[in-house]
Amino acid sequence: MLSENVRAQVKATAPVLQVHGEALTRHFYQRMFRGNPELRQVFNQGHQHNGQQQQALAMAVAAYAQHIDDPSALLPVLERVAHKHVSLGIRREHYDVVGRHLLASIREVLGEAATDELIDAWAQAYGQLVELMAGMESSMYAAAAARQGGWTGWRAFRVAGKVPESAEITSFHLAPADGGDVPGFLPGQYVSVRVFVPALGIMQPRQYSLSDAPGGNRLRISVKREAAAGGSPAGMISNLLHDQFDEGDILDVAPPQGEFTLDPEAATPVVLISGGVGLTPMMSMLNAVASRGDGRLVRFVHGCRDASVHAMRDHVNSLAERLPNVRHVVFYEHVGPADRHGVDYHHAGRIDLRAIQDQVVLPDADYYLCGPLPFMQAQRRALGELGVPPQRIHAEVFGTGGVGA
């Protein structure tokens, strides 16, 4: 238990961290990669380039300082981070390296304001955080190894199938190269995939949602080719997977993780709302409900730019035609002359939940959102305005950070 003086010292730095946190974390990452370059292959270098990782860490450090009296308030966020850490193979010993560089960065960036007393207070506070995180992650590692077909760390998987789903998205069907079992997982979870990036000279991991129901002898991920846009470079890993990996090739894969999950045993209605490649975890959820055949109500709402990027259209149409408990609504931002209303799409423009509230506002339903951050925020607001309780809304945003308001 931290002393009152230590907690006061840490809380007093929260305003400073809110203003200068990103400069601190940028300094920290540069320092750590310089001193421990082997960690570059653990962290997403794309997020380092665009500043997402620095910003996310700065926000996390400031939030921890604010809640130092009761860190349990941060448990939902810490759980999400723990799943990411386990998926990336981060272990207890990595925290010691991170802590050394983080404390040194606080001293170097804050200068005279970083007194010995303050550094000691942050050392104790960081130690408390480590024990909390390491405990959570130890349990997750044990659970991953204990399940049938489970493992920890990296395992070789063979590309058993490569299927184009749209102009941008391709599915990779992955089978264990060792011939062993595939573990079960919860619909909505993801796996980390690791490949060698020649341009960087190191391995790089990325997380991809599992896009099919659990219970098969393969894992399926559906990867969007990320093009350069808005000053951001093209996605290193997504383009490598699309261009250089074919059937028979080997990928390193970590065990399924993630807390954005659907309870497949529940009977309450479920509304799945996705934008673009955000449909990938929704496909896992949809297929899981459909495979049970118990009549659980599903509403599948999807929005995309146009028909060329509408992935898995025929499969969803088939389920909706075959199963009376499944209904789908599709929005195209741009409708082409060949697009069939009522078949390819149902509404022109971006998703407007108010326009279809009679179809999606269901008693006791759970709502799952996935897509770009602005999309997520807009759908959360719309659901709130339609009277959906916040506890019924579950959101997943790809990359670092959270959904927020």
Side-chain angles (χ1 to χ4, degrees), residues 80 82-89 140 143-145 147-166 168-177 180-195 205-224 237-238 241-242 245 250-265 270 272-292 298 300 302 311-312 315-316 319 368-371 394-399:
R80 181 175 187 266
H83 277 283
K84 293 285 187 182
H85 283 181
V86 172
S87 183
L88 294 170
M140 292 178 183
R147 67 171 63 106
Q148 178 70 28
W151 76 99
T152 65
W154 299 101
R155 183 181 179 188
F157 274 68
R158 177 176 53 84
V159 179
K162 182 178 180 181
V163 181
E165 306 285 5
S166 75
E168 295 178 335
I169 297 174
T170 293
S171 288
F172 295 82
H173 298 254
L174 307 176
D181 293 334
V182 170
F185 58 90
L186 291 174
Q189 290 191 307
Y190 56 81
V191 292
S192 283
V193 171
R194 187 175 70 166
V195 302
R206 294 294 187 273
Q207 283 88 34
Y208 294 108
S209 295
L210 293 161
S211 61
D212 204 355
N217 59 1
R218 298 177 180 179
L219 298 175
R220 185 178 77 176
I221 58 174
S222 301
V223 180
K224 177 187 175 185
I237 307 305
S238 66
L241 290 174
H242 275 252
F245 282 83
I250 299 296
L251 292 169
D252 284 346
V253 179
Q257 293 295 327
E259 83 293 354
F260 176 72
T261 58
L262 173 75
D263 180 0
E265 304 296 326
V270 58
L272 310 174
I273 304 172
S274 60
V277 74
L279 97 164
T280 53
M282 306 309 190
M283 293 305 305
S284 178
M285 295 179 183
L286 175 64
N287 288 347
V289 173
S291 67
R292 287 183 59 83
V298 183
F300 186 92
H302 180 62
M312 303 178 185
H315 176 70
V316 175
L319 288 180
Y368 292 82
L369 314 177
C370 191
H394 316 278
E396 172 81 315
V397 61
F398 296 143

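It should be emphasised that the depicted structure is a prediction, and the values quoted were computed from it without experimental measurement.
Looking at Tyr208 and Leu241, their side chains come closer than 4.5 Å, going by heavy atoms from C-beta outward. With contacts defined as side-chain heavy-atom distances shorter than 4.5 Å, the pair Thr261/His394 does not qualify. Using a 4.5 Å cut-off on side-chain heavy atoms (C-beta onward), Ile169 and Lys224 make contact.
A distance of 9.0 Å separates CD in Gln189 from CD in Glu259, rounded to the nearest 0.5 Å. Taking CE of Met283 as the reference point, atom OG of Ser211 lies at 7.5 Å (rounded to 0.5 Å). If you take OG1 on Thr170 and CD1 on Ile221, they are separated by 10.5 Å, rounding to the nearest 0.5 Å. Distance check: Asp263 CG to Leu186 CG gives 8.0 Å after rounding to the nearest 0.5 Å. The distance from atom OG of Ser284 to atom CG of Leu279, rounded to the nearest 0.5 Å, is 11.0 Å. How far CG of Leu319 is from CZ of Phe300: 9.5 Å, rounded to the nearest 0.5 Å.
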Would you check, one step at a time, whether the test side chain to side chain contact (heavy atoms under 4.5 Å, CB included) holds for Val195 with Phe245?
CA-CA 10 Å; Val195 302; Phe245 282 83; 3.8 Å; yes
Step by step, work out the side chain to side chain contact (heavy atoms under 4.5 Å, CB included) result for Val298 and Val270.
CA-CA 5 Å; Val298 183; Val270 58; 3.7 Å; yes
For Ile237 and Val193: C-alpha separation, side-chain torsions, deciding distance, then whether side chain to side chain contact (heavy atoms under 4.5 Å, CB included) applies.
CA-CA 9 Å; Ile237 307 305; Val193 171; 5.5 Å; no
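Val182 and Arg218 get closest at one heavy-atom pair: CG2-N, 3.8 Å. Minimum heavy-atom separation, Leu369 to Phe260: O-CZ, 3.5 Å. The shortest heavy-atom contact between Pro256 and Arg147 is O-NH1, 4.0 Å. Residues Ile273 and Met282 approach most closely at O-CE, 3.3 Å, considering heavy atoms. Here the closest non-hydrogen pair linking Gly278 and Pro281 is O-CD, 3.3 Å. Taking each heavy atom of Val277 and Ser222 in turn, the nearest pair found is CG2-O, 4.2 Å.
Remark: side-chain polar atoms of His315 are not paired, donor with acceptor, to backbone N or O of Asn287 under 3.5 angstrom. In terms of modelled atom types and a separation under 3.5 Å, the side chain of Lys84 and the main chain of Gln257 share no donor-acceptor contact. Looking at Arg292, its side chain does come within 3.5 Å of a backbone N or O of Pro264 through a donor-acceptor pair. A donor-acceptor pair is defined here as one N or O able to donate and one able to accept, closer than 3.5 Å; no such pair exists between the side chain of Glu396 and the backbone of Cys370. Not a single donor-acceptor pair under 3.5 Å links the side chain of Thr152 to the backbone N or O of Ala145. At distances below 3.5 Å, at least one donor-acceptor pair connects side-chain atoms of Ser166 with backbone N or O atoms of Glu168.
Ring geometry for Trp151 against Phe157 counts as tilted: the plane angle lies between 30° and 60°, on a 0 to 90° scale.
Of the listed residues (Arg194, Arg158, Arg155), just one forms a salt bridge (charged side-chain N to carboxylate O under 4.0 Å, His left out) with Asp252, and that residue is Arg194.
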